[in-house]
Amino acid sequence: MAENQILDSEIDEIKTKPLNLALLLIEIGGFVGGTTNLINVNISEAYFRQIMGWDFPGIWLAAIFQGVFEGIIYGLIFGFIFTIGFAAITKKKADWEFTKKQLKKIIDRKS
């Protein structure tokens with residue numbers, strides 16, 4: 001019974017296609033990290049001077065690149081975990097539309 005209730009009733013109707021979502025999640029992670037640090041550096045440049053030990057002109061640009069770098073790292077980790085786990089759970093039957101629908105369910109879940 002549990003084997004048939006993987007994620008959705010639609011899984012049986014989906015054609016077999018390889019799942020490669022990690023790259024998209026890495027890009028999203030980089031965007032979120034860069035945007036977050038852009039906001040943070042506009043609020044308090046002193047934070048980056050004190051905590052990061054940065055003392056040079058153009059800290060806002062370095063902060064954005066640092067955020068992009070960290071976002072890519074987190075996106076890489078989450079992307080591979082999600083992709084490998086999702087591929088294993090769906091037995092590599094999920095296509096892009098089905099995968100995006102499931103990821104949206106995860107993100108939109110109300111607490």
same_hphob_cluster(I43, I59) at 4.5 Å side-chain heavy-atom cutoff
no
Which salt bridge (Lys or Arg N to Asp or Glu O under 4.0 Å) pairs, counting each pair once, include a residue from residues 27-43, with sequence neighbours left out?
none
So which pairs with a foot in residues 44-61 pass side chain to side chain donor-acceptor pair (under 3.5 Å), sequence neighbours left out?
E45-R49, R49-D55
Under 3.5 Å, sequence neighbours excluded: what are the donor-acceptor pairs made by side chains of residues 30-40?
residue, atom, partner, partner atom, Å
T35, OG1, F31, O, 2.7
T36, OG1, V32, O, 2.7
N37, ND2, A63, O, 2.8
N40, ND2, T36, O, 3.4

In the hydrophobic cluster built from side-chain contacts under 4.5 Å, what are the other members alongside I73?
F69, I77, I81
Say you draw a straight line from CD of E70 to CD of Q66; how long is it, rounded to the nearest 0.5 Å?
4.5 Å
